[in-house]
Trainee: 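Sharing a structure, written as structure tokens. Questions coming.
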Amino acid sequence: QVQLVESGGGLVQPGGSLRLSCAASGSISSIAGMGWYRQAPGKQREFLASIRNRGKITYAGSVKGRFTISRDNAKNTMYLQIHSLKPEDTAVYYCNLWGDDPGSDYWGQGTQVTVSS
């Protein structure tokens with residue numbers, strides 16, 4: 001069982017930066033990876049980036065170059081550093097964790113990012 005809590009969202013002007021955090025607590029037998037997603041009203045949830053257990057990182061083509069995913073194992077925390085924010089980045093950003101066992105899939109409550117002048 002795992003709990004995920006996102007933080008770091010807020011209102012930012014276009015061109016600004018944010019760092020989102022996802023703090024994990026609890027435990028599961030085996031963690032396969034963690035990732036970031038976002039969802040705007042009326043749209044599908046969109047994959048942004050992931051980091052797997054062995055460190056492999058994957059980015060969505062739409063965000064590569066502006067978004068950086070990282071983790072701090074000592075703090076059980078994953079981060080998403082975002083630069084050059086655009087109004088179309090406005091969405092609720094979610095943290096996801098999945099394990100090797102079937103059905104082992106966890107989500108946080110999300111943190112709102114609003115990009116507006």
Side-chain angles (χ1 to χ4, degrees):
Q1 297 88 346
V2 174
Q3 293 183 56
L4 303 173
V5 180
E6 301 97 334
S7 62
L11 176 64
V12 63
Q13 295 187 71
S17 299
L18 285 173
R19 188 175 76 160
L20 308 182
S21 299
C22 173
S25 61
S27 65
I28 61 174
S29 60
S30 181
I31 297 173
M34 299 180 69
W36 287 98
Y37 294 72
R38 69 184 179 189
Q39 188 168 24
K43 296 185 178 180
Q44 297 280 351
R45 186 165 295 187
E46 176 189 12
F47 168 78
L48 299 173
S50 65
I51 181 165
R52 299 181 70 180
N53 186 41
R54 295 183 179 181
K56 182 178 180 180
I57 293 173
T58 300
Y59 291 101
S62 61
V63 302
K64 190 172 185 178
R66 297 193 298 120
F67 288 31
T68 302
I69 189 171
S70 62
R71 66 187 180 192
D72 186 335
N73 292 331
K75 296 181 179 180
N76 297 316
T77 301
M78 177 182 65
Y79 304 96
L80 186 69
Q81 181 72 48
I82 313 174
H83 292 108
S84 301
L85 280 157
K86 306 173 182 179
E88 51 263 45
D89 293 321
T90 297
V92 177
Y93 285 68
Y94 294 94
C95 175
N96 172 247
L97 180 151
W98 67 98
D100 290 323
D101 296 335
S104 183
D105 189 30
Y106 303 89
W107 293 90
Q109 292 295 117
T111 184
Q112 177 72 49
V113 172
T114 302
V115 184
S116 176
S117 60

Trainee: If the condition is side-chain hydrogen bond (donor to acceptor under 3.5 Å, both in side chains), which residues does Asn76 pass it with, not counting sequence neighbours?
Mentor: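 Here no residue qualifies.
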Trainee: Could you note down all residue pairs passing side chain to side chain donor-acceptor pair (under 3.5 Å) where residues 31-42 supplies at least one of them, sequence neighbours left out?
Mentor: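 Side chain to side chain donor-acceptor pair (under 3.5 Å) check on residues 31-42 returns Arg38-Glu46, Arg38-Asp89, Arg38-Tyr93, Gln39-Arg45.
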Trainee: Sort out for me which residue in Asn96, Ile82, Leu80, Ile69 forms a side chain to side chain contact (heavy atoms under 4.5 Å, CB included) with Leu48.
Mentor: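 Option passing the side chain to side chain contact (heavy atoms under 4.5 Å, CB included) with Leu48: Leu80.
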Trainee: Looking at residues at least two apart in the chain, or sitting in another chain, which of them share a salt bridge (Lys or Arg N to Asp or Glu O under 4.0 Å) with Arg19?
Mentor: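 Here no residue qualifies.
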Trainee: Any donor and acceptor pair, going by atom type alone, linking the side chain of Glu6 with main-chain N or O of Gly110 inside 3.5 Å?
Mentor: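 Yes, the answer is positive, given that a donor and an acceptor are paired below the 3.5 Å cut-off.
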Trainee: Is a donor on one side and an acceptor on the other found under 3.5 Å between the side chain of Thr77 and the backbone of Lys75?
Mentor: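 Side chain of Thr77 to backbone of Lys75, a donor-acceptor pair under 3.5 Å: yes, one is there.
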Trainee: Please check if the number of heavy atoms outside Glu88 that lie under 6.0 Å from its CD is greater than 12.
Mentor: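 Correct, the count exceeds 12.
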Trainee: Sub-3.5 Å donor-acceptor pair from the side chain of Arg66 to the main-chain atoms of Ser84, do we have one?
Mentor: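 Present.
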Trainee: Treating Ile, Leu, Val, Met, Phe, Trp and Tyr as nodes and any side-chain heavy-atom pair under 4.5 angstrom as an edge, say whether Met34 and Phe67 lie in one connected cluster.
Mentor: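 Linked, Met34 and Phe67 end up in one cluster.
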Trainee: Answer yes or no: is there a donor N or O on one side and an acceptor on the other, between the side chain of Asp105 and the main chain of Gly99, under 3.5 Å?
Mentor: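 Such a contact is absent between Asp105 side chain and Gly99 backbone.
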Trainee: Once side-chain hydrogen bond (donor to acceptor under 3.5 Å, both in side chains) is applied, do any residues pair with Ser17, and if so which ones, sequence neighbours excluded?
Mentor: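 Result, side-chain hydrogen bond (donor to acceptor under 3.5 Å, both in side chains) vs Ser17: none returned.
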Trainee: Sequence neighbours excluded, which residues qualify as side-chain hydrogen bond (donor to acceptor under 3.5 Å, both in side chains) partners of Ser25?
Mentor: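 side-chain hydrogen bond (donor to acceptor under 3.5 Å, both in side chains) list for Ser25, sorted by chain: empty.
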Trainee: Is there a path of hydrophobic side-chain contacts, each under 4.5 Å between heavy atoms, that joins Leu20 and Val12?
Mentor: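 Cluster IDs for Leu20 and Val12 match.
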Trainee: Please check if atom CD in Gln81 has more than 12 non-hydrogen atoms from other residues, nucleotides or ligands closer than 6.0 Å.
Mentor: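 Counting other residues, nucleotides and ligands, CD of Gln81 exceeds 12 neighbours.
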Trainee: Quick one: do Val63 and Leu18 end up in the same hydrophobic cluster if we chain Ile, Leu, Val, Met, Phe, Trp and Tyr together by side-chain heavy atoms under 4.5 Å apart?
Mentor: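 Yes.
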Trainee: Closer than 3.5 angstrom, by distance alone: can the side chain of Ser117 be matched with the main-chain N or O of Gln13 as a donor-acceptor pair?
Mentor: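 Here the side-chain-to-backbone pair does not exist.
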Trainee: List the residues meeting salt bridge (Lys or Arg N to Asp or Glu O under 4.0 Å) with Arg71, not counting sequence neighbours, and say none if there are none.
Mentor: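 If we apply the salt bridge (Lys or Arg N to Asp or Glu O under 4.0 Å) test to Arg71, skipping adjacent residues, there are no hits.
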